[in-house]
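No experiment lies behind these values; they were computed from the predicted model shown. Order of listing sets the numbers, starting from 1, for every ligand and every atom in it.
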Amino acid sequence: MAHVKSKTIPISVFGNVLKLLDSAASKMKVDPALMEYIKQPRRSTIVKLPVLMDNGDFKMFTGYRVQHSIVRGPAKGGIRFHPNVSLDEVQALASWMTWKCSVAKIPFGGGKGGIICDPRKLSKKELERLTRRYTADLIDVFGPAVDIPAPDVGTNAQTMAWIMDTYSMHKGHTASSVVTGKPLEIGGSLGRVEATGRGVMFTIRECCQNIGMDLNGASVAVQGFGNVGSVAAMLLAEEGAVITYVSDQYGAIHNPDGIDIPKLMKHIEKRKKVVGFRGAKKCKQEEVLFSKVDILVPAALENQITKANVRKVRAKVIGEGANGPITPEADAILHKKGVTVIPDILCNAGGVIVSYFEWVQDNMGYFWEEAEVNRRLEIKMVEAYKDVQEMSHSEDVSLRLAAYMIAIKRVVAILELRGIYA
Ligand code: NAD
């Protein structure tokens with residue numbers, strides 16, 4: 001088992017994924033040797049990158065690209081620029097992508113990449129040279145039919161544009177489908193920015209219908225007000241939910257009558273932090289996780305609800321906007337308590353689903369209206385939720401275990417058809 005040493009991820013995320021896979025497999029009839037095969041990353045590449053800095057010196061950087069699985073299709077997953085990137089962390093994140101794409105029933109495997117660097121300390125030109133050198137060194141690893149990167153922590157649409165351009169220059173033709181999360185002008189998809197938060201809303205809405213909770217009037221706490229948290233909050237509010245708590249890395253706010261989310265978004269544009277918003281009172285950050293609300297949406301970081309604090313959680317439903325916000329030990333306790341947890345690989349799959357739509361549109365050379373993207377996203381999310389719900393009901397397991405069981409079942413089914421070239 002890999003142990004990720006990182007300030008932001010103090011608990012081994014890869015270890016958490018392996019534990020979940022073992023729990024799911026124990027409820028299924030899967031050949032243990034096959035299971036061992038699909039748990040391992042298929043290919044991990046390390047590249048050492050000399051980069052010309054603005055002062056004229058060369059500096060060495062280390063980059064990774066992991067293809068966890070290509071059983072269901074090309075490896076798919078983001079590229080992270082962060083000082084704490086490690087091979088173990090990238091392998092864990094790549095594995096997650098395999099199971100997420102499988103639950104979402106999209107024809108992709110799982111991949112992830114990263115470079116050990118602090119992007120805030122590099123100039124735009126240095127970032128461009130680093131990105132291009134990384135892409136050039138991995139030119140035979142990437143490809144629209146092989147391995148398709150996307151943005152992750154520390155990277156963005158501009159990074160994807162540089163990767164797309166470098167790849168295209170080497171191949172001698174424009175290959176826009178080699179990355180997703182691109183700017184619209186070069187083949188990005190409408191609706192991609194909002195896709196993850198929108199998917200969070202769809203799964204919470206389906207869950208409420210299933211457990212007989214009225215989303216209209218339900219109280220909601222949202223941890224993290226970035227891309228995922230802010231869109232989820234806005235769309236849940238549009239469904240009639242009352243957003244009573246919101247937090248970000250700097251602090252938290254509370255209004256028992258509901259926080260006006262569109263106004264909060266305008267406030268954030270100028271002030272960059274939720275504290276100071278006039279329509280709510282400042283509160284302690286931990287109140288967001290432990291307040292008495294109907295629905296909690298952790299949309300910030302990994303390992304927020306752990307064995308040490310899980311007993312303080314009072315929400316009835318938790319929609320995991322973030323990846324891995326609940327540790328396996330805490331998850332088991334929540335399940336016993338009767339809290340419904342919509343697992344990350346289902347709840348936040350909207351982002352990769354619209355990435356898939358972006359790849360499809362690039363390959364067709366024909367682009368959909370935003371309403372069409374959102375309509376197709378809703379169909380995929382509702383279908384995925386129903387599949388997981390049915391498995392959870394028929395096997396009497398949590399939604400998380402059910403999601404992993406479905407994900408494993410689909411990978412194994414394809415392996416059985418294709419056979420193992422051993
Ligand atoms: P982001 O950087 O846009 O936003 C993160 C938010 O979390 C910010 O508001 C930040 O202030 C806040 N935050 C950080 N530390 C916090 C703390 N200790 N307490 C409260 N808030 C804190 O990131 P994002 O794209 O919204 O991603 C959030 C999570 O969702 C991550 O786990 C990410 O891996 C996951 N995710 C994102 C996407 C996507 O498409 N963006 C897709 C799938 C999963």
Side-chain angles (χ1 to χ4, degrees), residues 6-10 13 16 76-82 85 89-90 92-94 96-97 99-101 103-104 110 112 114 119-120 149-157 160 180-181 188-189 191-201 203 221-234 245-253 261 264-265 267-269 271-275 277 283-290 296-306 309 319-326 342-358 377 381:
S6 137
K7 277 179 199 154
T8 50
I9 312 174
V13 196
N16 290 351
K76 182 84 194 86
I79 293 174
R80 183 170 289 199
F81 285 5
H82 194 276
V85 163
E89 181 190 62
V90 178
L93 295 166
W96 242 322
M97 289 305 296
W99 314 116
K100 195 177 292 189
C101 292
V103 168
K112 208 84 183 188
R120 292 168 307 179
D152 192 72
V153 176
T155 56
N156 53 31
M160 298 306 113
T180 62
S189 176
R192 171 62 190 92
V193 174
E194 300 81 12
T196 307
R198 189 173 294 278
V200 169
M201 179 276 283
T203 55
V222 182
Q223 185 201 37
F225 203 68
N227 175 272
V228 180
S230 64
V231 175
M234 190 180 72
Y245 289 87
V246 169
S247 68
D248 61 19
Q249 68 198 93
Y250 310 105
I253 54 173
I261 299 298
L264 178 60
M265 283 171 124
H267 162 91
I268 284 281
E269 271 174 33
R271 304 286 163 88
K272 310 288 176 210
K273 43 178 99 165
V274 297
V275 171
F277 176 61
C283 66
K284 286 188 186 154
Q285 262 173 325
E286 62 168 39
E287 278 182 53
V288 177
L289 287 182
F290 309 127
L296 169 63
V297 182
L301 305 168
E302 299 90 349
N303 298 327
Q304 294 301 289
I305 300 173
T306 65
N309 66 20
E320 291 187 322
N323 286 319
I326 304 174
I342 310 168
D344 45 13
I345 59 169
L346 169 65
C347 192
N348 69 35
V352 77
I353 291 174
V354 175
S355 274
Y356 163 56
F357 293 163
E358 180 176 332
L377 172 63
M381 292 299 300

>> Within ligand 1, which atoms have a heavy atom of F225 less than 4.0 Å away?
In response: 6 (C), 9 (O)
> Do you know which two heavy atoms are closest between V274 and V246, and how far apart they sit?
Replying inline: CG1-CG1, 3.9 Å
> Counting only heavy atoms, which portion of P325 has something under 4.0 Å from ligand 1: side chain, backbone, both, or neither?
Replying inline: neither
>> I need the nearest protein heavy-atom contact for atom 28 (C) of ligand 1: residue, atom name and distance, please.
In response: A299 O, 3.4 Å
> Counting heavy atoms only, which of V228, D344, V354 comes nearest to atom 37 (C) of ligand 1?
Replying inline: V228
>> Between T155 (side chain only) and I79 (backbone N and O only), is there a donor and an acceptor less than 3.5 Å apart?
In response: yes
>> Taking 4.0 angstrom as the limit and counting only heavy atoms of L301, give me the atoms of ligand 1 inside it, by number and element.
In response: 15 (N), 18 (N)
>> Tell me the closest heavy-atom pair linking V90 and V85, and the distance in Å.
In response: CG2-CG1, 3.9 Å
>> I'd like to check which ligand 1 atoms, numbered from 1 as shown, lie under 4.0 Å from a non-hydrogen atom of Q223.
In response: 19 (N), 20 (C)
>> Considering non-hydrogen atoms of the protein only, which is the closest contact for atom 34 (O) of ligand 1, and what is the distance?
In response: N323 ND2, 3.2 Å
> Which value, rounded to the nearest 0.5 Å, describes the distance between E287 atom CD and S247 atom OG?
Replying inline: 11.0 Å
>> For atom 20 (C) of ligand 1, what is the closest protein heavy atom, and at what distance to 0.1 Å?
In response: D248 O, 3.2 Å
>> Once rounded to the nearest 0.5 Å, what's the spacing between atom NZ of K76 and atom OG1 of T180?
In response: 3.0 Å
>> Among all protein heavy atoms in this structure, tell me which lies nearest to atom 25 (O) of ligand 1, with the distance rounded to 0.1 Å.
In response: N227 CB, 3.6 Å
>> Below 4.0 angstrom, counting only protein heavy atoms, does anything approach atom 15 (N) of ligand 1?
In response: yes
Contacts under 3.5 angstrom, residues 342-350 side chains, donor-acceptor by atom type, not counting sequence neighbours:
{"unit_1": "D344", "atom_1": "OD2", "unit_2": "G324", "atom_2": "N", "d": "2.7"}
{"unit_1": "N348", "atom_1": "OD1", "unit_2": "K100", "atom_2": "NZ", "d": "2.6"}
{"unit_1": "N348", "atom_1": "ND2", "unit_2": "G321", "atom_2": "O", "d": "2.9"}
{"unit_1": "N348", "atom_1": "ND2", "unit_2": "A322", "atom_2": "O", "d": "3.2"}
{"unit_1": "N348", "atom_1": "ND2", "unit_2": "N323", "atom_2": "OD1", "d": "3.0"}

> What atoms of ligand 1 come within less than 4.0 Å of a heavy atom belonging to A300?
Replying inline: 7 (O), 13 (N), 21 (N), 22 (C), 28 (C), 29 (C), 31 (C), 32 (O)
> So which heavy atom on R192 is nearest to which on S355, and how close?
Replying inline: NE-OG, 3.3 Å
>> Using a 4.0 Å cutoff against the non-hydrogen atoms of Q285, which atoms of ligand 1 qualify?
In response: 19 (N)
>> Using 0.5 Å steps for rounding, measure from the NE2 atom of H82 to the CZ atom of R120.
In response: 7.0 Å
> What pair of heavy atoms forms the shortest contact from R198 to V231, and how long is it?
Replying inline: N-CG1, 3.9 Å
>> When you compare ligand 1 with R80, is there at least one nitrogen or oxygen pair between them that comes in under 3.5 angstrom?
In response: no
> At what distance, to the nearest 0.5 angstrom, does CZ of F290 lie from CG of N309?
Replying inline: 3.5 Å
> Roughly how far, to the nearest 0.5 Å, is NE2 of H267 from CZ of F225?
Replying inline: 9.5 Å
> Are any of the protein's heavy atoms under 4.0 angstrom from atom 41 (N) of ligand 1, yes or no?
Replying inline: yes
> Where is the nearest protein heavy atom to atom 22 (C) of ligand 1: which residue, which atom, and how far?
Replying inline: Q249 N, 3.3 Å
> In terms of residue, atom name and distance, what is the protein heavy atom nearest to atom 39 (C) of ligand 1?
Replying inline: T196 OG1, 3.4 Å
> Which option, G226, G229, S247, owns the non-hydrogen atom nearest atom 5 (C) of ligand 1?
Replying inline: G226
>> Yes or no: does R192 have any heavy atom under 4.0 Å from an atom of ligand 1?
In response: yes
>> With respect to G351, determine whether any N or O atom, backbone or side chain, lies less than 3.5 Å from an N or O atom of ligand 1.
In response: no
> To the nearest 0.5 Å, what is the distance between CG (L264) and CD1 (I253)?
Replying inline: 4.5 Å
